[in-house]
Protein chains: 2
Amino acid sequence: MSDLRVTVDIVIFTVRDGALQVLLVKRGVPPFAGQYAIPGGFIHADESLEAAAIRELHEETGVRNLFLEQLYSFGDPRRDPRGRVITVAYYALIASDKLSVVAGADAAEAGWFAVTKVPPLAFDHQQILACALERLRNKLEYTTVGFQLLPAKFTLGELQSVYEAILNRKLDKRNFRRKIALLKILKPLRQYQHTGRKPAQLHRFAAPTKS
Amino acid sequence: MSDLRVTVDIVIFTVRDGALQVLLVKRGVPPFAGQYAIPGGFIHADESLEAAAIRELHEETGVRNLFLEQLYSFGDPRRDPRGRVITVAYYALIASDKLSVVAGADAAEAGWFAVTKVPPLAFDHQQILACALERLRNKLEYTTVGFQLLPAKFTLGELQSVYEAILNRKLDKRNFRRKIALLKILKPLRQYQHTGRKPAQLHRFAAPTKS
DNA sequence: CCAAAAGTGTTAGGAGTACACCCATGG
DNA sequence: CCATGGGTGTACTCCTAACACTTTTGG
């Protein structure tokens with residue numbers, strides 16, 4: 001018990017270029033120097049787990065007010081060769097229009113990777129990523145987390161692309177739109193996105209109006 | 001970071017007397033001396049989180065090989081007045097025919113409480129219990145955790161009672177039995193339970209036989 | 001014979017899935 | 001004019017939920 005430490009690691013997702021991507025940082029010091037890892041760090045003495053996650057998230061991305069949810073805690077005694085380190089893993093979703101802000105202290109060493117093409121990861125981070133991916137895919141089915149990945153105004157086509165990127169499969173356009181319509185959480189706007197061919201109506205996320 | 005410690009707390013459920021019950025222990029020492037709490041303890045230096053949970057579970061109930069699942073980690077810096085203690089909460093299900101074994105070191109100070117009638121709890125254990133209850137109810141809908149609470153042989157009426165106790169509402173008998181039958185995980189036995197009126201057929205939990 | 005739990009089908013509504021064509025625009 | 005993504009409806013299946021009566025036994 002003498003030397004136990006606790007970290008918070010955060011799997012940060014975004015959807016970019018039609019693919020679900022995750023933010024990874026290259027480690028500069030041993031162990032696993034030169035390998036990529038999920039961003040994270042030790043918790044401070046006076047902050048809650050979630051506060052630590054929010055702080056790390058802000059340090060890595062410069063963004064606050066993201067969707068953030070605790071994922072799972074990993075505590076194998078040998079997961080970190082330096083000693084006993086338990087990690088509480090979180091996952092976060094960052095909207096595509098906010099991710100220009102990928103600065104942070106080690107900007108040059110951080111990068112987005114498609115989840116289908118992640119390099120070998122340090123520690124047990126492969127397992128943590130797999131866990132986050134599974135959670136995200138499940139939550140997509142019965143919650144509205146998907147909307148967190150879009151800007152305030154978006155088209156139904158963009159929304160569908162986000163779903164397809166996360167689930168990694170094509171969805172039927174008509175069925176998708178009916179399903180979304182049934183949720184009654186989108187407000188159609190009188191604005192259209194003129195991006196190429198036929199203009200697409202913009203929508204924004206909104207709680208259903210009580211009639 | 002100097003003084004951080006990690007505990008594992010376990011919400012142990014059973015169904016008894018038609019009610020969902022939880023095992024609580026009375027604290028003998030401050031803080032919260034005399035109040036009830038969820039069983040738990042500090043993790044050892046060389047054991048994984050799950051191993052710690054299994055160990056605590058065995059210490060409290062004398063039983064091994066229960067259903068056990070990690071729930072959530074709680075880390076508010078002021079959740080324990082003694083100092084910084086993070087807890088990784090688990091929940092476990094113990095079959096009604098095994099719970100005579102409620103011995104353990106502090107047997108006299110441990111007891112089962114219906115979840116609808118728990119006394120005030122120490123620390124943030126009320127919150128942990130609420131979290132476990134929510135998880136259990138959700139898992140009941142789309143997994144087969146409910147079977148963990150029954151002996152090897154049971155009647156459909158007993159199974160339905162377990163579901164009703166957990167969900168705290170009555171279920172339709174015909175719909176329930178159809179739903180269970182569709183799962184194809186029960187093997188009807190040539191034995192009947194003669195307990196009062198019309199004998200009820202016994203079943204056992206079994207993976208579906210591949211035709 | 002009676003109280004009590006066991007056991008059993010049908011119908012209606014809602015959600016998911018499969019599937020094909022016309023529309024509006026920019027180039 | 002044409003390539004491209006936007007936009008729309010129907011039919012079928014499956015799951016859920018509501019609902020009532022007969023059967024078997026012990027006392």
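Each chain gets a letter, A, B and so on, in the order the sequences are listed, and its residues count up from 1.
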Inset, instruction - Verify the ring-centre separation between Tyr72(B) and Tyr72(A): is it less than 6.0 angstrom? - result: no

Give the rounded distance in Å between these two atoms: [atom1] of [X] and [atom2] of [N].
X: Glu141(A); N: dA15(C); atom1: CD; atom2: P; answer: 16 Å
X: Leu182(A); N: dG13(C); atom1: CG; atom2: C1'; answer: 13 Å
X: Lys179(B); N: dA18(D); atom1: NZ; atom2: P; answer: 13 Å

Inset, instruction - Name the orientation class of the two ring planes belonging to Phe205(B) and Phe147(B) (parallel below 30°, tilted from 30 to 60°, perpendicular beyond 60°). - result: parallel

Inset, instruction - For Thr155(B) and for Arg178(B), find the nucleotide of DNA chain C with the closest heavy atom, then tell me which residue's nucleotide is more 5'. - result: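 Mapping each residue to its closest nucleotide by heavy atoms, the 5'-most match is Thr155(B).
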
Legend entry - Candidate nucleotides dG26(C), dT8(D), dA17(D), ranked by approach to the side chain of Asn175(B) - the nearest: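 Of all the options, the side chain of Asn175(B) is nearest to dA17(D).
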
Legend entry - Quiz item: Lys198(B) side-chain donor-acceptor pair to dG26(D) base, under 3.5 Å: no

Legend entry - Sidechain N-carboxylate O distance under 4.0 Å for Glu164(B), Arg169(B): no

Legend entry - Gln191(A) and Lys153(A): side chain donor to acceptor below 3.5 Å: yes

Legend entry - DNA chain D: 5'-proximal contact among Arg197(A) and Asp172(A) (nearest heavy atom):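 Nearer the 5' end of the strand: Arg197(A).
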
Legend entry - Under-4.0 Å side-chain N/O to phosphate OP1/OP2 contact, Arg174(B) with dG7(C):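 Answer is no, no contact under 4.0 Å.
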
